[in-house]
A.B. asks: 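First, the structure itself, so that you have it in front of you.
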There are 2 protein chains.
Amino acid sequence: MSATIKDIAEYLNISPGTVSRALNGKGRIGESTRRKVYEVAEKLKYVPNEIARSLKMKKTSTIGVIIPDATNIFYSIMLKSIDKSLLKKGYNILFCDSDENIERETEYFELLKGKNVDGMIIVTSGENSIYKDEETLSNIVFVDNIPAIDRDFSYVTIDNMKAAYDLTQLVIDNGHKDIAVVCADLSETTGYDRLEGFKKCIKDNGIEYNPDKIYKGSFRYQTGYEAAGKILKGKKYPTTIFAQNNVQAYGVVKRLSESSINIPDDISIVCFDAIDQTGMMSPKLTSVMQPVEEIGERAVKCILDNIDNDDTELEVSRNILGYKINLGKSLKRI
Amino acid sequence: MSATIKDIAEYLNISPGTVSRALNGKGRIGESTRRKVYEVAEKLKYVPNEIARSLKMKKTSTIGVIIPDATNIFYSIMLKSIDKSLLKKGYNILFCDSDENIERETEYFELLKGKNVDGMIIVTSGENSIYKDEETLSNIVFVDNIPAIDRDFSYVTIDNMKAAYDLTQLVIDNGHKDIAVVCADLSETTGYDRLEGFKKCIKDNGIEYNPDKIYKGSFRYQTGYEAAGKILKGKKYPTTIFAQNNVQAYGVVKRLSESSINIPDDISIVCFDAIDQTGMMSPKLTSVMQPVEEIGERAVKCILDNIDNDDTELEVSRNILGYKINLGKSLKRI
DNA sequence: ATGAAAGCGCTAACAG
DNA sequence: CTGTTAGCGCTTTCAT
């Protein structure tokens with residue numbers, strides 16, 4: 001075990017309190033003792049025990065982060081952005097990958113509470129009664145996919161409905177009328193909102209809504225892959241497939257290419273968040289791009305503001321950021 | 001603040017010790033009190049304070065993980081694998097992205113010590129005196145890129161020299177003699193070993209080693225991109241570029257494609273860890289594939305074994321796993 | 001400027 | 001079976 005404040009105190013024949021003050025530079029402290037304390041601390045390789053400090057201070061300088069899938073580049077960029085922003089302020093991440101599993105998310109949530117994190121940044125995964133009954137959501141900020149519950153909470157997201165509307169409009173402007181949608185579970189607000197935006201847009205453009213063209217599943221690769229499979233079984237292909245996230249889109253592309261369907265010549269594809277850091281993905285997907293790094297930064301700002309503001313009115317912070325549409329090469333003008 | 005053991009105790013007019021035992025099911029405890037304690041705990045929404053418990057038990061059930069870049073799919077898969085394995089055993093990850101920066105890594109390392117993690121899984125980033133002078137490395141397992149220090153420590157990695165040798169042999173077997181290498185800093189053992197493997201292989205094949213064909217930098221995209229740029233300035237192109245990791249390779253591909261160099265018709269590319277979960281990367285890179293998930297699992301096993309074995313001989317655990325070579329489509333037979 | 005003492009919430013002897 | 005006590009390492013009044 002490493003040296004403690006008490007060890008330093010005994011070594012110098014002074015009291016632990018004095019050592020603590022010397023180390024933290026708080027309260028009146030003699031310059032000479034202060035120096036001595038530092039010397040001995042060095043000598044004894046003293047490392048402050050943050051656990052003890054946390055217990056006393058009721059502050060862990062740790063933020064819990066729950067994301068659905070660290071291997072999805074969208075979330076890994078977000079994670080990195082959060083980490084970077086937090087480090088600047090002296091905080092750390094207690095990392096949780098829920099694997100898009102609500103049970104696992106719940107488990108992690110309880111765990112994070114027990115570990116007394118100062119706050120949480122959560123990307124939820126679907127239908128959850130968890131957050132409905134929580135006493136307070138005041139030190140939580142929800143990000144991207146926010147919970148569909150009827151109460152106030154802080155969040156950072158984009159206007160998914162509008163983004164889906166815009167994307168759909170782009171598709172229609174390119175001459176498409178027959179559009180299939182790969183859709184997540186509607187308990188996910190992003191899934192719901194993106195579908196609503198789509199519906200509203202086609203309606204505004206006089207295109208009839210056909211539920212048969214909505215392929216529901218999750219936000220996973222498999223959902224996109226299987227949806228494309230079903231689409232290919234139909235007699236007439238849609239001219240565009242709208243995937244609600246990046247991973248679904250990859251699944252669609254995979255399935256289509258297995259059947260030698262050319263994108264976008266045979267079928268166009270549009271989606272959300274088709275980030276390509278490698279520059280090697282082909283074709284370049286036409287996609288709504290959320291400002292993912294900024295989302296991470298804002299979430300951190302949001303949570304830390306809340307912590308700093310202490311017990312002053314716990315007001316929720318609602319952040320709706322802008323987005324862009326990356327034109328890519330997967331939408332054909334017809 | 002949430003309810004404590006003391007609150008439950010007072011509520012029931014029993015002692016905190018009894019409540020603790022009831023909750024933990026340790027020691028003799030009456031079935032009736034036990035039930036009552038549970039009821040009241042529920043009623044008061046008791047959440048055990050893990051910080052206090054940690055302080056007492058000298059155990060945080062938290063493992064520090066330092067990786068160079070969460071947005072590199074190789075590391076994000078590893079991270080997820082570690083998280084999954086740890087959760088099963090009731091541990092959590094304190095996550096640190098060093099951004100391939102040794103100062104940041106050092107900072108995180110100190111921080112993790114202070115936070116009393118029970119162990120660490122570290123992918124180091126280059127030259128570091130940090131680990132040389134540590135009193136003990138016994139609760140650390142190094143992964144992938146292990147530190148180049150002359151002392152014992154636990155690790156999980158592959159035989160990088162042999163893997164590079166095999167990859168080079170494959171290149172040579174395909175008729176190539178003029179091979180350029182995109183190389184990380186040699187203070188990184190993976191960089192060093194992979195270069196050594198390359199050198200040994202060409203030597204064994206009677207090909208002369210030409211230092212001018214080694215393009216040194218870091219493991220970053222930029223290094224690959226710039227190396228390719230320099231290569232294209234030469235009068236005669238190598239027939240193959242060997243990149244030491246995936247990200248470098250992406251940079252190479254990017255730069256080559258900007259100059260409309262066809263891969264592999266004009267220049268072949270081989271590398272390490274060209275993982276493609278999307279299935280959309282083109283061309284498919286010929287690449288050594290480390291068993292990244294298994295590396296994560298093994299690292300977890302390694303660290304937990306060490307923790308469980310307590311103070312019995314702290315023996316280091318050396319794990320060298322197997323690898324595969326993914327043939328891909330970026331190596332041309334000439 | 002420093003010491004003494006209490007206490008954060010929990011667990012683990014040791015009594016009874 | 002349960003109460004009491006001490007203490008994990010630290011900070012922070014309150015004295016001196």
Side-chain angles (χ1 to χ4, degrees), chain A residues 1-38 40-41 44-62 90 110-118 310, chain B residues 1-38 40-41 44-62 90 110-118 310:
Chain A
M1 207 51 194
S2 116
T4 72
I5 270 191
K6 203 176 153 206
D7 295 329
I8 301 180
E10 279 169 3
Y11 192 100
L12 287 169
N13 271 315
I14 59 178
S15 82
T18 307
V19 176
S20 170
R21 277 182 298 245
L23 255 17
N24 296 307
K26 282 189 180 174
R28 261 156 268 304
I29 191 77
E31 186 48 36
S32 70
T33 43
R34 179 208 174 82
R35 237 197 324 271
K36 272 188 261 172
V37 167
Y38 269 89
V40 177
L44 267 43
K45 294 191 181 164
Y46 170 74
V47 178
N49 183 330
E50 295 294 338
I51 300 296
R53 178 180 258 160
S54 294
L55 180 60
K56 180 68 190 173
M57 313 275 270
K58 296 177 177 310
K59 181 167 188 346
T60 54
S61 295
T62 301
E110 294 300 331
L111 219 139
L112 290 176
K113 280 201 290 186
K115 293 217 171 175
N116 291 53
V117 293
D118 295 336
D310 244 13
Chain B
M1 207 52 194
S2 120
T4 73
I5 270 192
K6 205 176 151 203
D7 295 328
I8 302 180
E10 281 171 0
Y11 192 101
L12 287 169
N13 272 316
I14 58 177
S15 82
T18 307
V19 176
S20 171
R21 277 183 298 249
L23 257 16
N24 295 308
K26 283 192 181 172
R28 264 155 267 303
I29 190 77
E31 186 47 36
S32 70
T33 43
R34 180 206 174 81
R35 237 196 326 269
K36 271 189 261 173
V37 167
Y38 270 89
V40 177
L44 267 41
K45 294 191 179 164
Y46 171 74
V47 178
N49 183 331
E50 295 294 338
I51 299 296
R53 178 179 258 160
S54 294
L55 180 60
K56 179 69 189 171
M57 313 276 271
K58 296 181 178 307
K59 182 168 189 340
T60 54
S61 294
T62 302
E110 294 299 332
L111 220 138
L112 291 176
K113 280 200 289 183
K115 294 217 171 174
N116 290 54
V117 294
D118 295 337
D310 245 13

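Labels below follow one simple rule: chain letters A, B, ... track the order of the sequence lines, proteins then strands, and each chain is numbered from 1.
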A.B. asks: Rounded to whole angstroms, how far apart are NZ on A:K56 and P on C:dA5?
C.D. replies: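 That distance rounds to 15 Å.
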
A.B. asks: Over how many whole Å does the gap from B:K58 atom NZ to C:dG9 atom P extend?
C.D. replies: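 It is 19 Å, rounded to the nearest whole Å.
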
A.B. asks: Rounded to whole Å, please give me the gap between CG in B:L23 and P in D:dC1.
C.D. replies: 17 Å

A.B. asks: Can you list everything that forms a side chain to side chain contact (heavy atoms under 4.5 Å, CB included) with B:K6? Sequence neighbours excluded, please.
C.D. replies: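 Per chain and number, B:K6 pairs via side chain to side chain contact (heavy atoms under 4.5 Å, CB included) with B:T4, B:E10.
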
A.B. asks: For B:K59 and C:dT11, give me the distance from atom NZ to atom C1', rounded to whole Å.
C.D. replies: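 It works out to 15 Å between those atoms.
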
A.B. asks: Just how far, in rounded Å, is P of C:dG9 from CE of B:M57?
C.D. replies: 18 Å

A.B. asks: What contact category does B:T33 fall into here, base, sugar-phosphate, or nothing, at under 4.0 angstrom with non-hydrogen atoms?
C.D. replies: sugar-phosphate

A.B. asks: Pick base, sugar-phosphate or nothing for A:D7, based on heavy-atom distances below 4.0 Å to the nucleic acid.
C.D. replies: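 It contacts nothing in the nucleic acid.
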
A.B. asks: Identify, with sequence neighbours excluded, every residue that meets side-chain hydrogen bond (donor to acceptor under 3.5 Å, both in side chains) alongside B:S54.
C.D. replies: none

A.B. asks: Nearest whole Å is fine: how far is D:dC10 C1' from A:K26 NZ?
C.D. replies: 12 Å

A.B. asks: Would you indicate which nucleotide in C:dT11, D:dC10, C:dC8 comes nearest to any side-chain atom of A:L55?
C.D. replies: C:dC8

A.B. asks: Would you mind reading off the distance between A:N24 atom CG and D:dT13 atom P, rounded to a whole angstrom?
C.D. replies: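 The distance from CG of A:N24 to P of D:dT13 comes to 13 Å, rounded to the nearest Å.
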
A.B. asks: Tell me the interatomic distance from A:K6, atom NZ, to D:dA6, atom C1', rounded to whole angstroms.
C.D. replies: 12 Å

A.B. asks: Hey, does A:G30 reach any base, or is it just sugar-phosphate, or nothing, if we go heavy atoms under 4.0 Å?
C.D. replies: sugar-phosphate

A.B. asks: Any base atoms under 4.0 Å from B:I51, or only sugar-phosphate, or nothing? Heavy atoms, all strands.
C.D. replies: nothing

A.B. asks: Identify whether any heavy atom of B:T4 sits under 4.0 Å from a base atom; if not, whether one sits that close to sugar-phosphate; answer base, sugar-phosphate or nothing.
C.D. replies: sugar-phosphate

